[in-house]
Amino acid sequence: MRSIVLPLKWVMIWNRMRRFPRSFRSSWSPSMILERDWRSSMSTVNSLWSPTTLTLTTSNYKLKTINERFETLRKMCTEREISLQIAQKMHKFNFDVNEAIRWIQAKAVLLTSEEYGEDMTSVNTLLKTHLEIARELETLSEKVDR
């Protein structure tokens, strides 16, 4: 069960209220005290935001503040975009390198085979596979050179 931490002001009021009869205390629960405080706070906020209190200088100050914060946010967005693009290039490079390594390892197994065929058909199949690997190797070397 979570305990609720009440402000000291409310605790003091509640402790004082314990001295009153139970019938009177039930009408002054902490939630009622909280609601009363909330209403007084809202009336203060509403009075601060009334049209008569807003002047041209405060409006200009707020507009300037908003514009500064927006520019800061825009710069942060641009910096993050650049960082993400750099990260994307690095991850793509690492992916391509790992893919090339896996391909080389798979083809190395075929090229280190001691099998030379037992008849003409198997020799032709092995030769065709070897020529295909040589073409793929040439294509891969062009990619590596870039």
Side-chain angles (χ1 to χ4, degrees), residues 1-18 25-146:
M1 182 172 154
R2 278 177 81 185
S3 62
I4 299 173
V5 178
L6 296 173
L8 183 61
K9 175 182 169 184
W10 296 346
V11 173
M12 290 172 58
I13 291 172
W14 184 250
N15 286 335
R16 273 190 254 140
M17 296 299 287
R18 286 186 180 169
R25 275 190 284 160
S26 63
S27 64
W28 286 91
S29 66
S31 61
M32 292 180 69
I33 295 170
L34 175 64
E35 185 177 343
R36 190 189 68 209
D37 284 352
W38 180 80
R39 288 184 191 276
S40 66
S41 299
M42 287 308 295
S43 66
T44 306
V45 168
N46 288 336
S47 68
L48 289 174
W49 283 102
S50 69
T52 56
T53 59
L54 287 178
T55 63
L56 189 57
T57 55
T58 58
S59 296
N60 286 340
Y61 173 75
K62 288 180 181 183
L63 184 62
K64 181 181 173 189
T65 304
I66 289 172
N67 285 333
E68 289 172 354
R69 288 182 182 173
F70 183 76
E71 282 304 314
T72 303
L73 189 64
R74 183 181 286 166
K75 287 177 186 176
M76 289 170 53
C77 183
T78 303
E79 291 170 0
R80 178 149 170 84
E81 182 180 358
I82 291 168
S83 298
L84 288 172
Q85 287 173 348
I86 291 170
Q88 181 187 28
K89 287 179 183 178
M90 291 299 296
H91 285 292
K92 184 177 181 340
F93 175 76
N94 288 334
F95 177 81
D96 290 344
V97 167
N98 290 335
E99 184 181 345
I101 289 171
R102 281 192 299 272
W103 183 86
I104 289 170
Q105 289 172 343
K107 299 306 175 183
V109 171
L110 294 173
L111 293 174
T112 56
S113 171
E114 295 290 325
E115 183 182 352
Y116 295 107
E118 297 176 10
D119 59 0
M120 186 60 127
T121 308
S122 61
V123 170
N124 283 337
T125 304
L126 289 171
L127 184 59
K128 193 181 288 184
T129 304
H130 178 76
L131 292 174
E132 184 179 321
I133 291 172
R135 279 192 303 274
E136 289 176 5
L137 184 61
E138 192 61 38
T139 305
L140 183 63
S141 69
E142 291 172 6
K143 288 181 181 179
V144 169
D145 290 341
R146 283 189 267 154

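Sequential numbering from 1 along the given sequence is applied to the chain's residues.
To the nearest 0.5 Å, the span separating CD1 on I66 from CZ on R69 amounts to 8.0 Å. Put simply, OG1 on T129 and NZ on K107 are 9.0 Å apart, with the number rounded to the nearest 0.5 Å. Rounding to the nearest 0.5 Å places NZ of K62 at 14.5 Å from CG of N67. Put simply, CD on E68 and CG on L63 are 10.0 Å apart, with the number rounded to the nearest 0.5 Å. Rounding to the nearest 0.5 angstrom, the gap separating the CG atom in L84 from the CD atom in E79 is 12.0 Å.
For the pair I104/L137, no side-chain contact is recorded, criterion being any heavy-atom separation below 4.5 Å from C-beta on. A heavy-atom distance below 4.5 Å is not found between the side chains of L110 and S113. The shortest distance between side-chain heavy atoms of K128 and E132 does not fall below 4.5 Å. Looking at heavy atoms from C-beta onward, E118 lies out of side-chain contact with V123 at the 4.5 angstrom threshold.
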Starting from the C-alpha separation in whole Å, work towards a yes-or-no answer on side-chain contact (heavy atoms from CB on, under 4.5 Å) for W103 and E99.
-> CA-CA 6 Å; W103 183 86; E99 184 181 345; 5.8 Å; no

Report the C-alpha distance between E138 and R135 in whole Å, list the side-chain angles of each, state the deciding distance to 0.1 Å, and finish with yes or no for salt bridge (charged side-chain N to carboxylate O under 4.0 Å, His left out).
-> CA-CA 5 Å; E138 192 61 38; R135 279 192 303 274; over 6 Å; no

Could you go step by step and tell me if N124 and T121 meet the side chain to side chain donor-acceptor pair (under 3.5 Å) rule?
-> CA-CA 5 Å; N124 283 337; T121 308; over 6 Å; no

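By the salt bridge (charged side-chain N to carboxylate O under 4.0 Å, His left out) test, R102 pairs with no residue at all, sequence neighbours left out.
In plain terms, the two heavy atoms of S122 and G117 that are nearest each other are OG-CA, 3.3 Å. Pairing each heavy atom of L126 with each of E115, the nearest pair is CD1-O, 3.7 Å.
Around CD of Q88, the count of heavy atoms belonging to other residues, nucleotides or ligands within 6.0 Å does not exceed 12.
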